[in-house]
Amino acid sequence: MNYPIDEIRSQFPVLALHDHDAKPFAFLDSTATTQKPEFVIDAMDNFYRKHYSSIKRGVYSMTAQTTDAYESARKKVAKFINAQSENEIVFTRGTTASINLCAWSYGRKFLKDGDEIVISALEHHANIVSWQLIAEERRAKLKVIPVADDGDLILEKIPELIVKGKTKIVAFAQISNTIGTENPVKEIVKIVRGIDPEIKILVDAAQSAPHKKIDVQDLDCDFLAFSGHKMYGPTGIGVLYGKYEILESMPPLQGGGEMIDQVTFEKTTFALPPDRFEAGTPPIAEVIGLGAAVDWINRTGIEAISDYEQEILHYAESKLKEIPGLHILGNPKHRGSLLSFTLDAAHPHDAATLLDEDGIAVRSGHHCAQPVMQRFGVPATIRASFGAYTEKWEIDRLVEGLLRVNRIFG
Ligand SMILES: Cc1ncc(COP(=O)(O)O)c(CN[C@@H](CS)C(=O)O)c1O
């Protein structure tokens, strides 16, 4: 493939800053958060330097321009995931906030005593604890789709877990942030819809939005959540996509400015979605940064990024498998651009500490997915993850570093 990796990598200042160090910085933690291209940094810098104002709260031209920029970003995000309308795009603080918005707004209104919520065994804590909290308040029951040793969900178990009229919400990740398993979203949606079309389905796209084309109409999910900082955009901004008629049925979660229609001391009526869920002054610069990130991904090409990352993934898998005492978690049919593994010789934190001495940044720990660690019988893992800018020499540096760990601890 003629992916312009050198040109792309040069756009990321943090990477370019260290590429000529004595031990060039190998950044292998894009699953946690991605680096930012100049194009995104410049868009936010330009806003703060030349156009800064609030939005939707004035008639002067600068605030009108800023409002246009803000709503233009919403349109870009809607197009990016092929939503029917930009009004189906709610800006939040990130995936965690998006899932909690869904759980507390939709859940508090529609869940009742004895109802059931189904999640998967591969979930991040954001897609576990939020549902536990609302289930506790509404006296609902939480059920879990099991995962096989290869890291794929056991889809045959789904019909056993779903009860028509009782199961109200099914929530699962498109790509796991630990094993990397890519779940067959359309197949799962079809199984669930076939049992009860009234069940609402949320897809956690934190690890898929940055790496693969998402078409929410094709997936037919009711909600979809992702974070700007994992897709080359800033922190502090995320998205909850929701089918409009469902968002319209949901009460606001926070009260304040912008989310209202009429306020009296006796009664307040609320704005239509998405404003209903965006109380207060929003993270304007971050929304503009997210819009720039979508532009950058579109210009670079999400399919080209996806294909390139798979090439890097397969290179990494082939190299890591040669390391004595290294065990990659799972072997799913399809895997996102990350690998979790253990070393017989050292605890993941010890290994990651030694790797850091060599200028290699990996994640070690439970990755906010403790149930996955328990299911696979490990206290923690080392996780290497890749982005649009990852180069094969970074994998080679990782292999060298892990062989050093083996020499020291082995
Ligand atoms: C599948 C999945 N779902 C939700 C989240 C939460 O995203 P926030 O932007 O923190 O709200 C994450 C973030 N996972 C990071 C931080 S623990 C990781 O290193 O794996 C995720 O991977």
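Whatever order the structure lists ligands and atoms in, that order sets their numbers, starting from 1.
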*Tell me whether the centres of the aromatic rings in F223 and Y241 are closer together than 6.0 Å.*
no

*Check whether any N or O atom of H229, backbone or side chain, sits under 3.5 Å from an N or O atom of ligand 1, and answer yes or no.*
yes

*Say whether D204 and ligand 1 are in contact under the criterion: heavy-atom distance to a ligand atom below 4.0 Å.*
yes

*For atom 22 (O) of ligand 1, what is the nearest protein heavy atom, given as residue, atom name and distance?*
Q207 NE2, 2.7 Å

_Evaluation steps, side chain to side chain donor-acceptor pair (under 3.5 Å), between T34 and Y389_ = CA-CA 10 Å; T34 56; Y389 38 62; 4.9 Å; no

*Given K230, H124, H125, H367, which one has a non-hydrogen atom that is nearest to atom 15 (C) of ligand 1?*
K230

*asked:* Taking a cutoff of less than 4.0 Å between a non-hydrogen atom of the residue and any ligand atom, is E123 in contact with ligand 1?
replied: no

*Can you tell which part of A32 has a heavy atom less than 4.0 Å from ligand 1: side chain, backbone, both or neither?*
both

_Contact partition for R383 relative to ligand 1, non-hydrogen atoms under 4.0 Å_ = side chain

*Mind telling me whether F12 and W296 have parallel, tilted or perpendicular rings, with 30° and 60° as the class edges?*
perpendicular

*Considering the heavy atoms of C368, write down every atom of ligand 1 situated less than 4.0 Å from one of them.*
17 (S)

*N/O donor-acceptor pair under 3.5 Å between K230 side chain and A32 backbone*: yes

*Can you check whether Y70 reaches F91 side chain to side chain, under 4.5 Å on heavy atoms?*
yes

*To which of Q174, H366, R363 does the heavy atom nearest atom 18 (C) of ligand 1 belong?*
R363

*asked:* For H124 and N127: C-alpha separation, side-chain torsions, deciding distance, then whether side chain to side chain donor-acceptor pair (under 3.5 Å) applies.
replied: CA-CA 6 Å; H124 181 279; N127 212 20; over 6 Å; no

_Closest approach of any protein heavy atom to atom 10 (O) of ligand 1, naming residue and atom_ = T96 OG1, 4.0 Å

*State, yes or no, whether a side-chain contact exists between V362 and I360 at a heavy-atom distance under 4.5 Å.*
yes

*Could you tell me whether R93 approaches ligand 1 through its side chain, its backbone, both or neither, with non-hydrogen atoms closer than 4.0 Å?*
neither

*For F80, is the NZ or CZ atom of K213 found under 6.0 angstrom from the centre of its six-membered ring and inside 45 degrees of the ring axis?*
yes

*Could you name the option among N127, T33, I237, N177 that has the heavy atom nearest to atom 20 (O) of ligand 1?*
N177

